[in-house]
Amino acid sequence: MCTTCGCEQTDGSTKYIIPGREGEHTHSHDHTHDTSNHHEQGHHHHDHGNAHHNHDSHDHGHAHHHDHDHGHTHHHSHDHTPSGSKIVELEQDVLARNNLLAERNRGFFEAKNILALNMVSSPGSGKTTVIEKMINGLKEELSFFVVEGDQQTTNDADRINATGAPVIQINTGSGCHLDALMVNNAVKKLEVSNNSILIIENVGNLVCPSMFDLGESHRIVVISVTEGEDKPLKYPGMFNSSDICIINKTDLLPHVDFSVEKLKENALKVNHHLQFFEISATTGEGMDKLFGWLKSAFRQ
Amino acid sequence: MHELSIVMNILDIVEESAVKNGASAVTEVEMEIGELAGIEFDAFDFAVESAPRSDLLKDAKFKVHRIKPVARCNDCSHQFATSSYSDPCPVCKSFKTEIIKGNELRVKSFRID
C-alpha cells in the first residue's frame with residue numbers, strides 16, 4: 001500500500017523516475033479516481049431508455065376484451081427477459097477516457113506552445129539515438145523535454161539525461177504502451193516550460209501504442225532498414241495513425257536487402273498522408289532535413 | 001497484449017454506469033468492435049476470461065458484434081467493403097482511401113438485474 005495516499009499499489013504499477021532524483025517518491029500510480037469525475041459529462045447514461053428496451057412492457061395488441069377488472073397485472077412476465085432485468089444503453093467509446101484526457105493534454109500543450117511528438121516503433125529501430133541526435137543538434141536553438149516510456153530500467157532516460165535535456169522515465173511495468181494519463185502525470189512532474197519541444201518516446205511496440213492518443217501534435221513512426229519493408233502492411237494500425245515516418249539506419253543499406261522505395265510504397269498504401277525522412281542517426285546523414293522539419297513544425 | 005487493459009477499461013466503464021443504475025448484477029455486456037479497431041478477437045476473448053472482475057460483474061457474459069470495415073476513395077468517392085488499411089479502391093485503383101467504418105470500439109449496452 002502506498003504511504004502517500006493509502007491506495008493499493010498492485011504489481012506492475014506505473015513508476016515515474018527522474019534521473020538523479022531517484023530517491024524522491026515520484027511514483028504516483030495512476031489514480032484513475034482522480035480523473036473519472038472530470039468525465040461525467042461525456043457519458044451517456046440513458047436512464048430514461050430502459051422502458052422501451054424492456055420486453056416486459058411492450059404492447060402485444062392482442063385485443064382480448066375481458067371486462068373483469070383484475071388489475072392488469074397478468075401475463076407481463078415473459079420469460080425471454082428475466083424479471084427485474086433491464087438493458088442500459090451506453091454507446092460509449094471504450095477509449096473515451098483516454099481520448100478526453102489526450103485532448104486535455106493537447107490543449108495544455110497548445111496553450112504553452114509546446115510541440116509534442118509521440119515517437120513509436122518496434123524495439124531496436126533507434127528511437128533513442130534519433131532523439132539524442134535531435135537534441136544535440138538543436139539544443140542551442142530549441143528547448144527539449146523528454147518523456148521516456150519503457151517497461152523497465154532507466155537506461156534510455158539516462159542516455160537522454162546525458163544530453164542535458166530534462167527527462168522523466170515512465171516504467172509501465174507490464175504495460176505495453178503509454179496512455180494519456182501517464183503522459184499527463186509525467187509532464188506535471190517534469191515541469192515542462194513554455195515554448196519547448198516535448199518528445200515522448202513510447203514503449204517499443206508496433207501494435208498497442210497505436211490505439212492510445214497521448215495528445216501529441218505529431219506521431220512519428222521510426223523504422224530501420226534492418227526491418228522488413230513490408231512492416232507497414234504487417235502493422236498497419238501504427239503506420240495509419242502516424243503522420244511522419246523516419247527511415248533510420250540508412251548507412252546500413254549497402255549491407256542489407258532492403259528497398260527504401262518499396263517500404264515507402266507499402267507505407268503509402270496504408271496511409272497516403274505520410275511524410276518520410278531518410279536518416280542515419282549514427283552518421284548524421286539526412287538529419288538536416290529532419291531538423292528543418294522540426295523547426296518549422298515548432299513555429300507553426 | 002493491450003486487449004487485457006481494454007477489457008479492464010470496459011469493466012470499469014460498465015461498473016460505473018451499473019452502480020448509477022442501481023444494478024445488483026450485470027449479466028451481459030454488448031460490444032461493437034470494428035475489425036480494424038486494433039483488437040485481436042481471440043486475445044479479446046481470452047482477456048474477457050482472465051480479467052479480474054468485481055462482484056457486480058463476475059457473471060457478466062460478453063456479446064461482441066463485429067463491424068465490417070468500409071473505406072471511401074478520396075479520388076473517386078467510391079465506398080467499398082475492405083479488410084485492411086491497404087486495399088486500393090476497386091473502381092479507380094487509388095490507394096488514397098480512408099477508413100470510414102470498422103474501427104469502432106464501443107460498449108453498446110449492458111443488461112443488469
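Note that the coordinates shown come from a computational prediction; the quantities given were computed from them, not determined experimentally. Reminder, nothing fancy here: chain letters follow the sequence lines and each chain counts from 1.
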> Does the pair A:Q92 and B:R106 meet the rule for a side chain to side chain contact (heavy atoms under 4.5 Å, CB included), with working shown?
Replying inline: CA-CA 5 Å; A:Q92 188 181 327; B:R106 264 200 305 263; over 6 Å; no
> Given B:K20 and A:V88, is the side chain to side chain contact (heavy atoms under 4.5 Å, CB included) satisfied, shown in steps?
Replying inline: CA-CA 11 Å; B:K20 288 204 172 104; A:V88 179; over 6 Å; no
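Only the side chain of A:F212 comes within contact range of chain B, with heavy atoms under 4.5 Å apart. Heavy atoms closer than 4.5 Å to chain A are found in the backbone of B:A37, but not in its side chain.
The line from CZ of A:R97 to CD1 of B:I13 is 6.0 Å long, rounded to the nearest 0.5 Å. Remark: B:E30 CD to A:L90 CG distance equals 11.5 Å, nearest 0.5 Å. Taking CD of B:E98 as the reference point, atom CG of A:N240 lies at 8.0 Å (rounded to 0.5 Å). Residue B:T27 holds its OG1 atom at 12.5 Å from NZ of A:K86, rounded to the nearest 0.5 Å.
Closest of all the heavy-atom pairs between A:H272 and B:K96 is ND1-CA, 3.3 Å.
Between chain B and the options A:L268, A:D93, A:V207, A:L95, the largest number of non-hydrogen pairs under 4.5 Å is found for A:D93. Per-residue heavy-atom pair counts under 4.5 Å with chain A were compared for B:I6, B:I99, B:V26, B:V107, and the maximum is reached by B:V107.
Heavy atoms of other residues, nucleotides or ligands lying less than 6.0 angstrom from CZ of A:F258 number more than 12. More than 12 heavy atoms of other residues, nucleotides or ligands sit less than 6.0 Å from atom CZ of B:F41. Residue A:K264 qualifies as enclosed at atom NZ: its count of foreign heavy atoms under 6.0 Å is above 12.
For the side chain to side chain contact (heavy atoms under 4.5 Å, CB included) with B:H2, the qualifying choice from A:S210, A:C208, A:P209 is A:C208, the only one to do so.
Interface with chain A: from residues 60-95 of chain B, residues B:N74, B:Y85, B:S86, B:F95 qualify, criterion being any non-hydrogen pair under 4.5 Å.
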